[in-house]
Chemist: 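Here it is: the structure, laid out below.
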Amino acid sequence: MADTARARAPPPNRSLPEEILIWEILVRLPPKSLLRCRAVCPAWRRATSTRDFLLAHHARQPTLPLLDDLSSIGYGGHSLDTIPTPSPLEHQAATGRLQSVVRFDDAYFRLFASCDGLLLLSMATGYLVLCNPATRQFARLPLLPGFIPLGMYPHSPTGTGEYRLLLYLSSSERAPDAQAGCYILSLGSGQLPRHIGCRDVERLINTFGSVMFHASLHWHRHNVIMVFDTITELFREMSAPIVPGPVNLFETDGMLAASIFTDPTTSIDIWMAQDYDNEVWAFKYRVNLPVAELTAQFGKINKRCCVVFASSDGHALVLAKFGDWLLQVDMDGKLVASFHGRGIGPTQNRLKQSLFQHTFFPTLEGYVVNASPFI
């Protein structure tokens with residue numbers, strides 16, 4: 001009786017027009033909150049399950065840095081976290097808790113790529129796997145031994161939600177007859193990886209965290225930016241800011257950006273590709289880290305565990321490891337938040353969560369939903 005009454009009950013908040021309720025309020029909720037709202041009434045479930053709504057909901061999700069959390073390995077698990085979305089009402093630095101993205105019962109995995117809420121990883125078994133943490137979908141990829149992922153991207157021209165992997169295969173004893181070079185794998189196609197040549201990009205193998213911009217994947221390597229056009233399937237080189245030190249690429253405010261440690265420990269320069277087509281870079285601003293003050297409070301800085309990402313308002317935020325603390329610093333060098341965890345460190349990958357149900361998932365080997373290896 002209770003279930004029947006609930007099914008017949010009118011949607012809550014009838015005073016609000018459906019257009020505002022669905023397309024201005026529910027569409028902005030985080031995935032977990034939206035899933036809870038779907039249980040309120042059948043009308044909300046139907047409205048928030050359409051293709052148009054799910055794509056609009058994904059577009060409004062923040063792009064946040066992925067953190068590798070090794071602290072749970074001793075307990076038989078391994079997780080990926082992110083930072084909580086900052087509240088505009090928070091004016092003082094806070095000691096916060098990280099937001100869990102996904103946790104596996106397999107203690108050893110390696111994150112290769114993230115794209116539109118999908119994560120590409122390798123597990124201890126040697127398999128490449130694909131998962132969507134928001135929908136709790138997981139599957140193995142049937143690849144031949146020796147293939148190394150370079151990136152993952154949507155293949156826009158098809159208009160069917162097709163996703164592809166860019167892979168590299170070196171000549172080796174495991175595959176002596178295979179052609180070395182790059183391959184393309186269309187997820188869920190049932191076809192083998194397709195060879196496209198490009199043997200001379202082997203240097204990208206250990207360059208993690210490609211950035212998707214203008215339908216192309218970007219990596220910074222050896223003072224140049226390597227660009228892979230996902231439409232023409234060709235590589236090219238792009239000029240990078242002429243600065244000493246390693247460069248990390250990211251996207252902000254619709255532009256390709258680069259962050260560079262100009263001083264070994266105290267400052268980070270932010271550059272923008274002011275004219276992307278003509279490869280013109282412009283210096284935007286410098287983030288000065290209060291290293292002495294932060295070191296005294298939290299411990300020594302680990303320069304290799306520092307990344308820059310864009311906040312929802314387009315400003316740069318820095319994640320830096322000081323001792324056993326992960327610190328979030330804004331563009332003015334002000335401490336925004338601190339997170340304690342010895343085994344936690346930032347990756348070069350970002351996550352923009354999605355509840356969109358991809359049709360290729362059920363076609364993959366070992367497909368499961370909300371089951372092991374998820375915890």
Chemist: Between Glu293 and Lys334, does any side-chain N to carboxylate O distance fall below 4.0 Å?
Modeler: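 Salt bridge flag = no for Lys334 with Glu293.
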
Chemist: For a 4.5 angstrom cut-off between non-hydrogen side-chain atoms, does Thr347 reach Pro65?
Modeler: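 They are not in side-chain contact.
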
Chemist: With a 4.5 Å limit on heavy-atom distance, are the side chains of Tyr168 and Leu204 in contact?
Modeler: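 The answer is no; the side chains never approach within 4.5 Å.
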
Chemist: Step through the shown structure and confirm whether more than 12 heavy atoms of other residues, nucleotides or ligands are within 6.0 Å of CZ on Arg136.
Modeler: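 More than 12 heavy atoms, drawn from other residues, nucleotides or ligands, come within 6.0 Å of this atom.
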
Chemist: For Thr135 and Gln357, does a side-chain donor sit closer than 3.5 Å to a side-chain acceptor?
Modeler: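 Looking only at side-chain atoms, Gln357 and Thr135 do not form any donor-acceptor pair under 3.5 Å.
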
Chemist: Ser33 side chain to Leu29 main-chain N or O, any donor-acceptor pair under 3.5 Å?
Modeler: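 No; judged by distance alone, with no hydrogens or angles, the pair does not exist.
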
Chemist: Transitively linked via ILVMFWY side-chain contacts under 4.5 Å: Met226 with Leu234?
Modeler: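 Looking at the clustering, Leu234 is in a separate group from Met226.
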
Chemist: Between Val243 and Val224, is there a shared hydrophobic cluster once you connect ILVMFWY residues whose side-chain heavy atoms come closer than 4.5 Å?
Modeler: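 No: no chain of side-chain contacts under 4.5 Å links Val243 to Val224.
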
Chemist: Give a yes or no on whether the ring-centroid distance for Phe356 and His58 is below 6.0 angstrom.
Modeler: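 For Phe356 and His58, the ring centres are not under 6.0 Å apart.
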
Chemist: Can any side-chain N or O of Thr230 pair as donor or acceptor with the backbone N or O of Ala215 at less than 3.5 Å?
Modeler: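 Yes; at least one donor-acceptor contact below 3.5 Å.
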
Chemist: Any chance you could measure His57, atom NE2, to Ile22, atom CD1, to the nearest 0.5 Å?
Modeler: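 His57 NE2 to Ile22 CD1: 11.5 Å, rounded to 0.5 Å.
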
Chemist: Which atom names give the shortest non-hydrogen contact between Asp81 and Ser100, and what distance separates them?
Modeler: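 Of all heavy-atom pairs spanning Asp81 and Ser100, the closest is OD1-CA, 3.5 Å.
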
Chemist: Taking the side chain from His195 and the backbone from Ala180, do they hold a donor-acceptor pair closer than 3.5 Å?
Modeler: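 Yes, His195 side chain to Ala180 backbone: donor-acceptor pair under 3.5 Å.
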
Chemist: Could you check whether any side-chain heavy atom of Tyr163 comes within less than 4.5 Å of a side-chain heavy atom of Leu118, counting everything from C-beta outward?
Modeler: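 In contact.
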
Chemist: Counting only heavy atoms not in Glu279 (residues, nucleotides, ligands), do more than 12 fall under 6.0 Å from its CD?
Modeler: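 Buried by this count: over 12 neighbours within 6.0 Å.
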
Chemist: Is any side-chain heavy atom of Leu80 less than 4.5 Å from a side-chain heavy atom of Asp69?
Modeler: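 Answer no - side chains too far apart.
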
Chemist: Can you name the nearest heavy-atom pair linking Tyr153 to Ile184, along with the distance?
Modeler: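 Of all heavy-atom pairs spanning Tyr153 and Ile184, the closest is OH-CD1, 3.4 Å.
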
Chemist: What's the spacing between Arg350 CZ and Lys352 NZ if we round to 0.5 Å?
Modeler: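 NZ of Lys352 is found 13.5 Å from CZ of Arg350.
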
Chemist: Looking only at non-hydrogen atoms, find the nearest pair between Val247 and Ile260 and report the distance.
Modeler: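 Where Val247 meets Ile260 most closely, the heavy atoms are CG2-CG1, 3.5 Å.
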
Chemist: Quiz question: by atom type and distance under 3.5 Å, do the side chains of Thr48 and Arg38 form a donor-acceptor pair?
Modeler: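 Yes, Arg38 and Thr48 have a side-chain donor paired with an acceptor closer than 3.5 Å.
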
Chemist: State, without any angle test, whether Gln191 and Ser186 hold a side-chain donor-acceptor pair at a distance under 3.5 Å.
Modeler: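 No.
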
Chemist: How about Phe104 and His78: are their ring centroids closer than 6.0 Å?
Modeler: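 Aromatic pair excluded; centres sit 6.0 Å or further apart.
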
Chemist: Does some side-chain heavy atom of Val329 sit less than 4.5 Å from a side-chain heavy atom of Val336?
Modeler: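 Val336 does not reach Val329 side chain to side chain.
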
Chemist: Test His218 against Tyr276 for ring-ring contact (aromatic ring centres under 6.0 Å, His included), laying out the working first.
Modeler: CA-CA 12 Å; His218 299 71; Tyr276 176 84; 5.7 Å; yes

Chemist: Are Val27 and Leu55 connected, step by step, through hydrophobic side chains (Ile, Leu, Val, Met, Phe, Trp, Tyr) whose heavy atoms are closer than 4.5 Å?
Modeler: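 Yes, same cluster.
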
Chemist: Given side chains that start at C-beta, do those of Ser79 and Val101 come closer than 4.5 Å, heavy atoms only?
Modeler: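 Ser79 vs Val101: side chains apart.
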
Chemist: Measure centre to centre between the rings of Phe147 and Tyr183, then say whether the value is under 6.0 Å.
Modeler: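 Between Phe147 and Tyr183, the centre distance is under 6.0 Å.
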
Chemist: Side chains of Ser372 and Asp105: donor-acceptor distance under 3.5 Å anywhere?
Modeler: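 Present: a donor and an acceptor within the cut-off.
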
Chemist: Please state whether the rings of Phe360 and His358 are parallel, tilted or perpendicular, taking 30° and 60° as the class boundaries.
Modeler: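 Rings of Phe360 and His358: parallel, as their planes differ by under 30°.
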
Chemist: Can you tell me how far CD1 of Ile83 sits from CG of Leu317, rounded to the nearest 0.5 angstrom?
Modeler: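 The CD1 atom of Ile83 is 6.5 Å from CG of Leu317, to the nearest 0.5 Å.
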
Chemist: Answer whether the closest heavy-atom distance between the side chains of Arg97 and Pro84 falls below 4.5 Å.
Modeler: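 SC-SC contact between Arg97 and Pro84 ruled out.
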
Chemist: Using a strict threshold of under 4.0 Å (side-chain N to carboxylate O), is an ion pair present between Arg60 and Glu24?
Modeler: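 No salt bridge links Glu24 with Arg60.
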
Chemist: Heavy-atom count around Gln99 CD within 6.0 Å, excluding the residue itself: above 12?
Modeler: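 Counting neighbours around CD of Gln99, more than 12 heavy atoms of other residues, nucleotides or ligands fall under 6.0 Å, so yes.
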
Chemist: Ring centroid separation for Trp23 and Phe53, is it under 6.0 angstrom?
Modeler: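 Between Trp23 and Phe53, the centre distance is under 6.0 Å.
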
Chemist: What do the steps show when you test Val308 against Asn248 for side chain to side chain contact (heavy atoms under 4.5 Å, CB included), and what is the final call?
Modeler: CA-CA 8 Å; Val308 176; Asn248 291 318; over 6 Å; no

Chemist: With distance as the sole test, does Asp253 use its side chain to make a donor-acceptor pair with the main-chain N or O of Met255 at under 3.5 Å?
Modeler: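 No; zero donor-acceptor contacts below 3.5 Å.
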
Chemist: More than 12 non-hydrogen atoms from neighbouring residues, nucleotides or ligands closer than 6.0 Å to CZ on Arg199, yes or no?
Modeler: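 No, because the 6.0 Å sphere around CZ of Arg199 holds 12 heavy atoms or fewer from other groups.
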
Chemist: Could you check Trp271 against Lys284 for side chain to side chain contact (heavy atoms under 4.5 Å, CB included), going step by step and ending with a plain yes or no?
Modeler: CA-CA 5 Å; Trp271 290 69; Lys284 297 300 290 185; 6.0 Å; no

Chemist: Which heavy atom in Ser49 sits nearest to a heavy atom in Arg45, and how many Å separate them?
Modeler: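 Minimum heavy-atom contact is OG-O, 2.6 Å.
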
Chemist: Please step through side chain to side chain contact (heavy atoms under 4.5 Å, CB included) for the pair Ile231 and Glu233, ending with a clear verdict.
Modeler: CA-CA 6 Å; Ile231 308 302; Glu233 297 183 346; over 6 Å; no

Chemist: Which value, rounded to the nearest 0.5 Å, describes the distance between Ser122 atom OG and Leu141 atom CG?
Modeler: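 CG of Leu141 is found 11.0 Å from OG of Ser122.
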
Chemist: Testing the basics here: between Leu35 and Ala134, what is the closest heavy-atom pair and its distance to 0.1 Å?
Modeler: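 Heavy atoms only, the tightest pair is CD1-O, 4.2 Å.
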
Chemist: Are the side chains of Thr266 and Leu289 in contact, using a 4.5 Å heavy-atom criterion?
Modeler: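 Side-chain contact under 4.5 Å: no.
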
Chemist: Calculate, to the nearest 0.5 Å, the distance between atoms CG and NZ belonging to Asn302 and Lys321 respectively.
Modeler: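 Separation between the atoms: 7.5 Å.
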
Chemist: According to a hydrophobic-cluster definition based on side-chain heavy atoms being under 4.5 Å apart (Ile, Leu, Val, Met, Phe, Trp, Tyr only), do Val280 and Met272 belong together?
Modeler: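 Cluster IDs for Val280 and Met272 differ.
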
Chemist: Tell me whether the rings of His340 and Trp325 are parallel (<30°), tilted (30 to 60°) or perpendicular (>60°).
Modeler: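 Rings of His340 and Trp325: perpendicular, over 60°.
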
Chemist: What distance separates Asn370 CG from Gln137 CD, expressed to the nearest 0.5 Å?
Modeler: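 Going from the CG atom of Asn370 to the CD atom of Gln137 covers 10.5 Å.
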
Chemist: What's the shortest heavy-atom distance between Leu249 and Trp281, and which atoms?
Modeler: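 Heavy atoms of Leu249 and Trp281 come nearest at CD2-CH2, 4.4 Å.
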
Chemist: Kindly say whether the aromatic ring centers of Phe235 and Phe228 come within a distance under 6.0 Å.
Modeler: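 That pair passes the under 6.0 Å test.
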
Chemist: Side chain to side chain contact (heavy atoms under 4.5 Å, CB included) between Cys131 and Leu119: does it pass, once the steps are laid out?
Modeler: CA-CA 5 Å; Cys131 81; Leu119 302 181; 4.0 Å; yes

